[in-house]
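Structure, as structure tokens:
Keep in mind that the numbers below use all heavy atoms, side chains included, and drop hydrogens, waters and symmetry copies. Both counts, for ligands and for their atoms, begin at 1 and track the order of listing.
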Amino acid sequence: MNKETLQQSMYDLIVETSTNLPKDVRRAIRSAKERENAGTRAAMSLDTISNNVKMADDNVSPICQDTGLPTFKIKTPVGVNQLEIKEAIYAAMVQATKDGKLRPNSVDSLTGANSGDNLGLGTPVIKFEQWEEDYVDARLILKGGGCENKNIQYSLPCELEGLGRAGRDLDGIRKCVMHSVYQAQGQGCSAGFIGVGIGGDRSSGYDLAKAQLFRSVDDVNPNEDLRKLEEYVMENANELGIGTMGFGGETTLLGCKAGVMNRIPASFFVSVAYNCWAFRRLGVKLNAEGGIAEWLYQEGEKIDLTQGSEAELETAAADAGEAPNVVTLQAPITEEQIRELKVGDVVKINGRMYTGRDAIHKHLSDNDAPVDLDGQIIYHCGPVMLKDDEGSWHVKAAGPTTSIREEPYQGDIMKRFGIRAVIGKGGMGPKTLAALKEHGGVYLNAIGGAAQYYADCIKGVDGVDLMQFGIPEAMWHLNVEGFTAVVTMDSHGNSLHEEVDKSSLEKLAQFKEPVFK
Ligand SMILES: O=C(O)C[C@H](O)C(=O)O
Ligand code: SF4
């Protein structure tokens, strides 16, 4: 294979995967849109997601700012030099990072240092397999961290909330899979896709689960039992009412694929890999020179998800038929302004906000803030940023990150620094809810994965602090216009997340009775 050609193919695979949602995934999202009633929060979120998918495609920019842990699966004929392919992938990763198609995402687990180019111990993941065909098949998945954190592994038999005993049989497996969807709530940017691995050990079980994510969304499982399981889960998981982003709604799951392998007598694992709606996985067949001969997962027409969608965030109703209260906020915000906000209100933000995620929250818990945060807004976000030749920073992608990781710190930090609003996704827990009430704060849920949509609202980067934490973790000072999010936790003790969790658990309990005997 020609070195340059191969490297270009790997680069194209990375860029396409990051920026262009596959056709099978688009089909699944379109069906979800068709099921949601116009005017609901779920329909509104799906419209934002649809716009975002189109913007990413048009701008050739990341669909979601979290370009994940890139995982390559490569099948090679006997005699092909796998080391050459590895080198080409490494070089393509570095280039794609420089070009803002990937976020620098490889972090030293002990020191926290970001390698800056996506290379490092264990990153990217490249798995090779030999096969009898005479061409190379290269596939890539960019699976982000929020959904990865919602993966779950069950060891049968076990007791499950809502569902009771899950035994060592197909019905026990069914219960685990239903539970896996419930426990993810909106935090993995639902509606999601799940890969289920039945059997194996703890590591091969997860590998099998993840391998299912390389199946086409609309294929049919050739194993009769697994086909029934997949169909059952698709039909019933959507009854849980978790909905897009966990806002409640008709579609919670967009795909379910299960695979099976043998186990040893003592172990019986059911492993579930959860993937967000931003299901970025593509593949190519290579020719003898290393050029792209064919793209995979691209059968059928390419759906423009924005076609036929009209609802905008601000016109969407909190409940069908009822227009939401739309409030414009500009920092510094007063306690009175915050106390007026209620769950379901739509907020449009103009002016300044500061990004802060994991490293910043830990830092602020025992250090002073680099800026005055009194009355200010914190955005849980790790953007993709590029510096131009003049040294100015530009936002390439900037959606929210999962807020629950900041639960141990958030309440204390808000009170200590006088922060009035935090924006993120997936909601937060009781400690933050109590702090919002006591201090007069609000939690705003942005649409997870809508990184282009939000990047477009950011009109300028006014500064940056704590760059030592790396690009995704630094505190960026952003100037925004019309940045839209929904109040999901208010200062009166109300939490939409708590409500949806409670009602979905009640619904989960309806699936307690045996189905597969
Ligand atoms: O790291 C991020 O930017 C987001 C992450 O994928 C998440 O879902 O929390
Ligand atoms: S922010 Fe949401 S859409 Fe993006 S990688 Fe994380 S889970 Fe996926």
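Ligand-side atoms of ligand 2 in range of A278: 3 (S), range being under 4.0 angstrom from any heavy atom. Taking a cut-off of under 4.0 Å to the non-hydrogen atoms of P400, the atoms of ligand 2 that pass are 1 (S). Within ligand 2, the atoms closer than 4.0 Å to a non-hydrogen atom of K425 are 1 (S), 2 (Fe), 7 (S), numbered from 1 in the order shown.
Below 30°, between 30° and 60°, or above 60°: for Y154 and H179 the angle between ring planes is above 60°, a perpendicular geometry. Classified by interplanar angle (parallel below 30°, tilted 30° to 60°, perpendicular above 60°), the ring pair H361/Y409 is tilted.
Under 4.0 Å from ligand 2, the heavy atoms of R280 that appear belong solely to its side chain. With a 4.0 Å heavy-atom cut-off, ligand 2 is reached by no atom of K143.
Distances shorter than 4.0 angstrom do not occur between any heavy atom of E148 and any atom of ligand 2.
Residue C64 counts as close to atom 4 (Fe) of ligand 2, with an N, O or S atom under 2.8 Å. For atom 2 (Fe) of ligand 2, the N/O/S atoms of C147 include none lying under 2.8 Å.
Atoms OG1 and NZ, on T484 and K348 in that order, are 3.5 Å from each other to the nearest 0.5 Å. L433 contributes atom CG, which lies 9.0 Å from atom CD of E407 (distance to the nearest 0.5 angstrom).
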Problem set entry | salt bridge (Lys or Arg N to Asp or Glu O under 4.0 Å) between D412 and R416, worked out | CA-CA 6 Å; D412 298 339; R416 210 169 107 229; over 6 Å; no
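When only non-hydrogen protein atoms are considered, atom 6 (Fe) of ligand 2 lies nearest to G146 N, 3.9 Å. Distance from atom 2 (Fe) of ligand 2 to its nearest protein heavy atom, with residue and atom name: C189 SG, 2.3 Å. In this structure, atom 8 (Fe) of ligand 2 lies nearest to the protein heavy atom C276 SG, 2.3 Å.
In this structure, R202 forms no cation-pi arrangement with Y206, as its terminal cationic atom is not both closer than 6.0 Å to the ring centre and no more than 45° off the ring axis. In this structure, R139 forms no cation-pi arrangement with F72, as its terminal cationic atom is not both closer than 6.0 Å to the ring centre and no more than 45° off the ring axis.
Residue I242 comes nearest to S190 through the heavy atom pair CG2-OG, 4.3 Å, listed as atom of the first residue, atom of the second, then distance.
Partner of F483 under the side chain to side chain contact (heavy atoms under 4.5 Å, CB included) criterion, chosen from N350, I349, I377, L444: I349.
Proximity of a side-chain donor or acceptor of S45 to a complementary backbone N or O of R41 within less than 3.5 Å is detected. A side-chain donor-acceptor contact under 3.5 Å links Q185 to the backbone of Y182.
Listed by chain and number, Q65, D66, R103, G145, G146, R357, T401, T402, R405, K425 each place a non-hydrogen atom less than 4.0 angstrom from ligand 1.
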